[in-house]
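Quick note on labels: first sequence line is chain A, next is B, and so on, each numbered from 1.
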Number of protein chains: 2
Amino acid sequence: MGKADIYQVAKEAGVSISTVSRAFTRPELVSAKTRRKVLDVADKLDFNIFRSATALKSGQTYRVAMLMNEEITSWFNTQTFAGIESVMHPAGYDISLFQHIDTAANRHEFFTDLPIRRNVDAVFVASFAIDPHEVEQLQRIHVPIIGINTPSSEGFDATISIDDEKGMYTAAQHLINLGHKHIVYPCSEAAGLDSSIDARAQGFINACKDAEGKHDINWEVLSVPRGTAFADSALSALLAMDEFPDAICCQMDMMAIPLVLKLERYGHRTPRDYSIVGFDDSPYADTINLTTMRQDPYAMGRAAANKALTLISGKTLYDPHEVLEAQLVPRSTDIPFGEMA
Amino acid sequence: MGKADIYQVAKEAGVSISTVSRAFTRPELVSAKTRRKVLDVADKLDFNIFRSATALKSGQTYRVAMLMNEEITSWFNTQTFAGIESVMHPAGYDISLFQHIDTAANRHEFFTDLPIRRNVDAVFVASFAIDPHEVEQLQRIHVPIIGINTPSSEGFDATISIDDEKGMYTAAQHLINLGHKHIVYPCSEAAGLDSSIDARAQGFINACKDAEGKHDINWEVLSVPRGTAFADSALSALLAMDEFPDAICCQMDMMAIPLVLKLERYGHRTPRDYSIVGFDDSPYADTINLTTMRQDPYAMGRAAANKALTLISGKTLYDPHEVLEAQLVPRSTDIPFGEMA
DNA sequence: TTGAAAGCGATACCAC
DNA sequence: GTGGTATCGCTTTCAA
């Protein structure tokens, strides 16, 4: 049966174990005939190189860690993970996932135990606020650390981020330029964990402040509790306002999409009655024709993984820290103030 | 620095490497004082057990493979992956992902090379039609094989599935019981890859055939091309019909949700003008109040992973093959035929 | 082009 | 409760 080791293959093929090894990992050092024979025997005996042994010998682990806020099931995390996977897998790496590095308890446990120490060849930190002390702890594992949408690049060997603040500044400015007078930003509290949330809110605030001299606008940030029902909370808050706004600027599509769909049931229809822009260009944004700011976390994951491979191989990055810009995707939930019903 | 090995830790702590090893993996065999000392030294030297060595010694790999159709970014795949991860990670396993085991070329490559042979402790096969020959190939790696929504349990050590056919039978029957007369099932072609698609279509057909004697119904399957725009294709096909149906039965929410949203732009509003039910209870189904058949792939992933752990540990499963039923989630896209406008 | 042998780091059996 | 040591499977240098 099929638990042959390298010695059995060597014996059956009439060669040494060195040759078997080479037939798999350094084919060019073995004659074509010998190689053919070894591989045939190996296949017959269900033999394959045992990567754990290779790992031991080489000191590499062929694993990388990915740390994230919350669950992998969120759109951003899934896309980023898929992007990293798409380049790390072909390169022979598995991804060891650490979800929910969010609560104080989880963080403390992770950063003091450092279970990944000596067990991964690189670490990806996806979109969460990590404090300087934690970065310092991470550095103790002595492997490349790559940040994706981290608030700072301090302590990271490489980072790739979108400029959330600028992106949201652009979105808000777009609504202002359309002539809107009363702009609301429903904002779920970030609890200091998701760095993007804070940066986006700041971008909105900055755009409004900058416009205050030139435009006659009335703007406000509507804080709603964090949680799974944040969109419903925002809905309630909006419906409870003295006067319904003429524009809504959303921190993410997952806020904007439910609002568009549910506000309609209360007689508020976009773009007839109000303009709205989202952020992310996540699923169904196109279906409902939501104007939004697009970011591409899959591409960011790929870029981050390529940086990691370069660093793992001991090379230097030409461009370790990259900042991308979100792009406005004009669809049809926004019209000039003057054209509204 | 910071690359201390077990010998340095032993030396610094004044013990043998056996004791260092035990301090980490068999704490109960070491005196509390010695253990404390060893762990302190280890922390100071940034030492940790090197899992690749453990793996070599034990013959385990602490990796499992997950094979899937298409990308991990689909709702079903993400949920299933997250479920598996939620039990495998705490148990010390990483998941090695193999996406796109769908095209003939990819399948052939995977099943003949069998890159996972000897390199994983278990294999999960998520929701795709795998033929008997392929299962046979998989068995050559001599580890437990666990299927999730596979069309057959033949050759698998364990399986967990929902009864797609019965679920869709229920959905169709529900529409029939509401008195609908003209029921359409928009169906993207499955190309023999996604086993659920075929089973669901069959469930719809069976329900309609069974009802033909008792009810005066007119039903049809509307085949639309596979691809990213399958919902738009279905939309076109529906709008091109001589007479718009009074009920639509969808293979998945990702078909139903765009239809509900876009048909409205053409004057067809649910439930006023037609009833519609989806399948999956995936994101935004609740937001638009879609009546649908719920399945829980996260829970299936967890169950599959628990089965895997049992099998890996050499135990026998009491109940290797489980079939779950999708549950009708009544919301408000369906009303009795008689109450329609 | 191929073979012999040392060694990667942890584990577990066997002594003490 | 602790230490010595053979061993897991592969890679790689050195020799032939």
| request: Answer yes or no: does a side-chain N or O of A:Ser21 lie under 4.0 Å from OP1 or OP2 of D:dC10? | output: no
| message | Strictly below 4.0 Å: does A:Thr34 bring a side-chain N or O up to OP1 or OP2 of C:dT1? | response | no
| query | Mind checking whether A:Ile84 and A:Phe124 have side chains closer than 4.5 Å, heavy atoms only? | reply | yes
| remark: Side-chain contact check for B:Asp5: nearest option of C:dG3, D:dC10, C:dG9 is C:dG9
| Residues A:Lys44 and A:Asp40 bridged, charged N to O under 4.0 Å | no
| Of the nucleotides D:dT5, D:dC10, C:dG3, which one has an atom closest to the side chain of A:Thr54? | D:dC10
| query | Roughly, in whole Å, what's the span from CG in A:Leu29 to P in D:dC14? | reply | 15 Å
| query | B:Ser31 side chain N/O closer than 4.0 Å to the phosphate oxygens (OP1, OP2) of D:dT2? | reply | yes
| query | Would you call B:Asp94-B:Arg63 a salt bridge at under 4.0 Å N-O? | reply | no
| Distance check: side-chain N/O of A:Arg118 vs OP1/OP2 of C:dC8, anything under 4.0 Å? | no
| Side chains of B:Asp131 and B:Phe111: does their closest heavy-atom pair fall under 4.5 Å? | no
| The side chain of B:Ile49 lies closest to which of these nucleotides: C:dA5, C:dT11, C:dT2? | C:dT11
| query | How would you label the contact of A:Val20 with the nucleic acid (heavy atoms, under 4.0 Å): base, sugar-phosphate, or nothing? | reply | nothing
| message | Checking contacts here: which listed nucleotide (D:dT2, D:dG3, C:dA6) is nearest the side-chain heavy atoms of A:Lys57? | response | C:dA6
| query | Between C:dT11 atom P and B:Ile6 atom CD1, what is the distance in whole Å? | reply | 7 Å
| Taking atom C1' of C:dG9 as reference, at what distance in whole Å does atom CZ of A:Phe50 sit? | 14 Å
| request: Give the rounded distance in Å between these two atoms: CD of A:Glu28 and P of D:dT12. | output: 11 Å
| query | Whole Å only: how far is the CZ atom of A:Arg26 from the C1' atom of D:dC10? | reply | 12 Å
| So which nucleotide from D:dC10, D:dT2, C:dT11 ends up closest to the side chain of B:Thr25? | C:dT11
| remark: Winner on side-chain proximity to A:Val30, out of C:dG3, D:dT12, C:dT2, is C:dT2
| D:dT7 C1' sits how many Å from A:Tyr7 OH, rounded? | 11 Å
| query | Expressed in angstrom and rounded to an integer, what is the separation of A:Phe24 atom CZ from D:dT12 atom P? | reply | 15 Å
| note | Residue pair B:Ile17/B:Leu56 against DNA chain D: nearer the 5' end by closest nucleotide is B:Ile17
| request: Look at the side chain of A:Thr19 and the base of C:dG3, then say whether one donor and one acceptor between them are separated by less than 3.5 Å. | output: no
| field | Electrostatic pair B:Asp43:A:Arg117 at N-O distance under 4.0 angstrom | value | yes
| Can you tell me how far P of D:dT2 sits from CZ of B:Arg35, to the nearest Å? | 12 Å
| Any side-chain N or O of B:Ser18 under 4.0 Å from OP1/OP2 of D:dG3? | no
| remark: Between A:Asn48 and B:Pro115 the two heavy atoms that sit nearest each other are ND2-O, 3.5 Å
| task | Spell out yes or no: do the side chain of B:Arg22 and the base of D:dG3 have one donor N/O and one acceptor N/O closer than 3.5 Å? | result | yes
